[in-house]
Amino acid sequence: MSDRAALLKGIRAWLVLFVVCLVLSGATAFPLVHELRWTEDVLRSLSVPHYLPTLMDWIVQVRQGLDTADTDYPFLLYGTDWLAFAHLVIAVAFYGPYRDPVRNIWVVEFGMIACAGIVPLALICGPIRGIPFWWTVIDMSFGVIGIVPLYVVRKKIKRLEALTLAPNTALTPAA
């Protein structure tokens, strides 16, 4: 396998991993009410309230809030439907770099900027919305973890670009 083919294969593998995680993350925003009920049941069965009461209190509070919104103000949950949709749309954008990484590196860089933007968003909006700091750290971890595969992909794309341009530079006359 040539260096170019190996780089392309690695780029595509990392992109598929990132897109799968993005789609899963988005898809979980649709059934929030049911997920929180299920999560609460699972945590209780694992005796989490005994070992991590603060976590359990937070899960219960969020579940109660979602239950109230679902019962009395279901239109509020429409916002999480749009959040899920946005994840899916962004995931589709990564088909560009999958198909032609060098030409569409901007999508990867856009994703890296979005991942970096999660940190200030969580730090600013978390306290405004009354989110516990430890949960804000969990939210920020999505950006920190998400940027890793994109950074790897960007480095590989730059190497692929150098390989692609290398034969052409030999034909260019020196100034």
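Any value given below was found using the heavy atoms of this structure, including those in side chains, with hydrogens, waters and symmetry copies removed. Since the structure is predicted, the reported quantities are computational estimates derived from the model, not experimental observations.
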Visitor: Is there a path of hydrophobic side-chain contacts, each under 4.5 Å between heavy atoms, that joins Leu32 and Phe85?
Guide: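 In one cluster: no.
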Visitor: Using a 4.5 Å cut-off on heavy atoms from C-beta on, say whether the side chain of Met56 contacts that of Arg44.
Guide: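 Yes - at least one pair of side-chain heavy atoms lies under 4.5 Å apart.
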Visitor: What pairs of donor and acceptor atoms, side-chain ones from residues 148-163 against any protein atom, are under 3.5 angstrom apart with sequence neighbours left out?
Guide:
{"from": "Arg154", "atom 1": "NE", "to": "Glu109", "atom 2": "OE2", "distance (Å)": "2.9"}
{"from": "Arg154", "atom 1": "NH2", "to": "Glu109", "atom 2": "OE2", "distance (Å)": "3.1"}

Visitor: Which atom names give the shortest non-hydrogen contact between Leu8 and Pro101, and what distance separates them?
Guide: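 What the structure gives for the nearest pair is CD1-CG, 3.5 Å.
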Visitor: Quick one: side chains of residues 65-79, donor-acceptor pairs under 3.5 Å with protein atoms, not counting sequence neighbours, listed by atom name and distance.
Guide:
{"from": "Asp67", "atom 1": "OD1", "to": "Arg37", "atom 2": "NE", "distance (Å)": "3.1"}
{"from": "Asp67", "atom 1": "OD1", "to": "Arg37", "atom 2": "NH2", "distance (Å)": "2.9"}
{"from": "Asp67", "atom 1": "OD2", "to": "Arg63", "atom 2": "NH1", "distance (Å)": "2.7"}
{"from": "Thr68", "atom 1": "OG1", "to": "Gln64", "atom 2": "O", "distance (Å)": "3.0"}
{"from": "Thr71", "atom 1": "OG1", "to": "Asp67", "atom 2": "O", "distance (Å)": "2.9"}
{"from": "Tyr78", "atom 1": "OH", "to": "Trp82", "atom 2": "NE1", "distance (Å)": "3.3"}

Visitor: Evaluate side chain to side chain contact (heavy atoms under 4.5 Å, CB included) for Thr80 paired with Phe30, printing each intermediate quantity in order.
Guide: CA-CA 7 Å; Thr80 62; Phe30 285 117; over 6 Å; no
Visitor: Give the table of side-chain donor-acceptor pairs shorter than 3.5 Å for residues 115-129, with sequence neighbours excluded, one pair per line with atom names and distance.
Guide:
none

Visitor: What residue pairs, at least two apart or across chains, pass salt bridge (Lys or Arg N to Asp or Glu O under 4.0 Å) with a residue in residues 9-33?
Guide: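 Qualifying pairs: none.
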Visitor: Would you say Leu55 and Ile138 are hydrophobically clustered, going by side-chain heavy atoms of ILVMFWY under 4.5 Å?
Guide: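 Yes: a chain of side-chain contacts under 4.5 Å links Leu55 to Ile138.
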Visitor: Within the distance-only criterion (no hydrogens, no angle test), does the side chain of Ser25 pair as donor or acceptor with the backbone N or O of Leu22 below 3.5 angstrom?
Guide: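 Such a contact is absent between Ser25 side chain and Leu22 backbone.
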Visitor: Check Leu43, Thr39, Ile59 against Val48 for a side chain to side chain contact (heavy atoms under 4.5 Å, CB included) and give me the one that passes.
Guide: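 Single pass found, and it is Leu43.
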Visitor: Linking I/L/V/M/F/W/Y whenever their side-chain heavy atoms sit closer than 4.5 Å, directly or via other members, would Leu36 and Trp38 fall into one cluster?
Guide: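 Yes; Trp38 is reachable from Leu36 via cluster members.
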Visitor: If two hydrophobic side chains count as joined below 4.5 Å and joins carry through other members, does Ile147 share a cluster with Ile113?
Guide: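 No, it is not one cluster - the side chains of Ile147 and Ile113 are not joined through contacts under 4.5 Å.
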Visitor: From Asp100 CG over to Ile105 CD1, what is the distance, rounded to the nearest 0.5 angstrom?
Guide: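 So the gap between those two atoms works out to 11.0 Å.
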Visitor: Minimum heavy-atom separation for Thr164 and Arg4, please, with both atom names.
Guide: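 Scanning both residues completely, I find the closest heavy atoms to be OG1-NE, 4.0 Å.
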Visitor: Cluster question for you: counting only ILVMFWY and a side-chain heavy-atom cut-off of under 4.5 Å, with indirect links fine, are Val23 and Val20 together?
Guide: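 Result: yes, single cluster for both.
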Visitor: How would you list all residue pairs meeting ring pair (Phe, Tyr, Trp, His ring centres under 6.0 Å) that involve residues 94-126, not counting sequence neighbours?
Guide: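 Non-adjacent pairs meeting ring pair (Phe, Tyr, Trp, His ring centres under 6.0 Å): Phe18-Phe94.
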Visitor: Taking only residues at least two apart or on different chains, which pairs with a member in residues 51-61 satisfy side chain to side chain donor-acceptor pair (under 3.5 Å)?
Guide: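 Those involving residues 51-61 do not exist here.
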